[in-house]
Amino acid sequence: MLGLMTVGGFFMFRKFLKVLPKADGKSKLDWQNHWVETSRPLWTDESKSFLDELVQPVPGPFRDIAKHSIAAEIGKIAVESGAREVTRDHCIKGYIVATPRRDYKFLMNFLHKKGIDYSPYQHLINK
């Protein structure tokens with residue numbers, strides 16, 4: 001029981017830190033919501049399904065949260081580049097930027113299975 005409370009407390013504390021405002025007055029969660037809403041018209045059915053495939057290995061209870069934060073990073077990249085729509089390239093770059101290094105192995109295996117060359121993203125992976 002104590003272990004479950006500790007784990008739950010850890011995740012609640014992480015969520016609390018995301019809600020605290022930064023120097024610009026917006027929290028990390030506010031910025032995520034901003035980028036998701038700003039990029040909403042840029043998403044195509046293909047890019048949405050590609051994102052769904054990327055977040056598939058995330059455990060079910062955390063998948064929506066992970067998808068939202070990854071989508072925010074993808075949206076930020078797409079909007080800042082002036083793109084007309086979110087592409088696979090944006091999805092891959094956003095996934096790399098938004099996820100921890102330990103998830104890169106899954107991404108490289110996934111891209112290899114799909115026949116997508118990941119060498120253009122090697123500079124992001126090696127950061």
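Basis for what follows: all heavy atoms, side chains included, without hydrogens, waters or symmetry-related copies. What you see is a predicted model; the values in this text were computed from it and never measured.
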First locate atom [atom1] of [X], then atom [atom2] of [Y], and finally report the distance between them rounded to the nearest 0.5 Å.
X: His112; Y: Asp117; atom1: NE2; atom2: CG; result: 11.0 Å
X: Glu37; Y: Asn33; atom1: CD; atom2: CG; result: 7.0 Å
X: Glu85; Y: Leu42; atom1: CD; atom2: CG; result: 8.5 Å
X: Met108; Y: Lys105; atom1: CE; atom2: NZ; result: 8.5 Å
X: Tyr121; Y: Leu107; atom1: OH; atom2: CG; result: 9.5 Å

Determine whether more than 12 heavy atoms belonging to other residues, nucleotides or ligands lie under 6.0 Å from atom [atom1] of [X].
X: Asp45; atom1: CG; answer: no
X: Glu53; atom1: CD; answer: yes
X: His68; atom1: NE2; answer: yes

Which heavy atom in [X] sits nearest to a heavy atom in [Y], and how many Å separate them?
X: Val79; Y: Ser39; value: CG2-CB, 4.0 Å
X: Cys91; Y: Val86; value: SG-CG1, 3.9 Å
X: Ala71; Y: Val36; value: C-CG2, 4.2 Å
X: Arg63; Y: Val58; value: NH2-O, 2.8 Å
X: Tyr95; Y: Leu54; value: CE1-O, 3.8 Å
X: Pro57; Y: Phe106; value: CG-CZ, 3.4 Å

Would you call [X] and [Y] a side-chain contact if the rule is heavy atoms closer than 4.5 Å?
X: Ser47; Y: His90; value: no
X: Lys76; Y: Gln32; value: no
X: Thr99; Y: Tyr104; value: yes
X: Val55; Y: Leu51; value: yes

Original post:
After noting the C-alpha distance and the side-chain angles of Ile96 and Glu73, does the key distance pass the side-chain contact (heavy atoms from CB on, under 4.5 Å) rule?
Top reply: CA-CA 9 Å; Ile96 292 170; Glu73 194 61 45; over 6 Å; no
In this structure, would [X] and [Y] fall into the same cluster of hydrophobic residues linked by side-chain contacts under 4.5 Å?
X: Val97; Y: Trp35; result: no
X: Trp31; Y: Ile77; result: no
X: Leu111; Y: Ile125; result: yes

Subject >> Residues His34, Thr38; criterion side-chain contact (heavy atoms from CB on, under 4.5 Å); working and verdict >> reply: CA-CA 6 Å; His34 167 76; Thr38 304; 3.4 Å; yes
Original post:
With sequence neighbours excluded, what pairs up with Asp89 under the salt bridge (charged side-chain N to carboxylate O under 4.0 Å, His left out) test?
Top reply: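 Checked Asp89 against salt bridge (charged side-chain N to carboxylate O under 4.0 Å, His left out); matches are Lys93.
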Subject >> Validation row, ring centre Phe110 to ring centre Phe50 under 6.0 Å >> reply: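 Under 6.0 Å, so yes.
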**OP:** Could you verify whether a donor N or O on one side chain and an acceptor N or O on the other, from Asp52 and Ser49, lie under 3.5 Å apart?
**Re:**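 Side chains of Asp52 and Ser49: no pair found under 3.5 Å.
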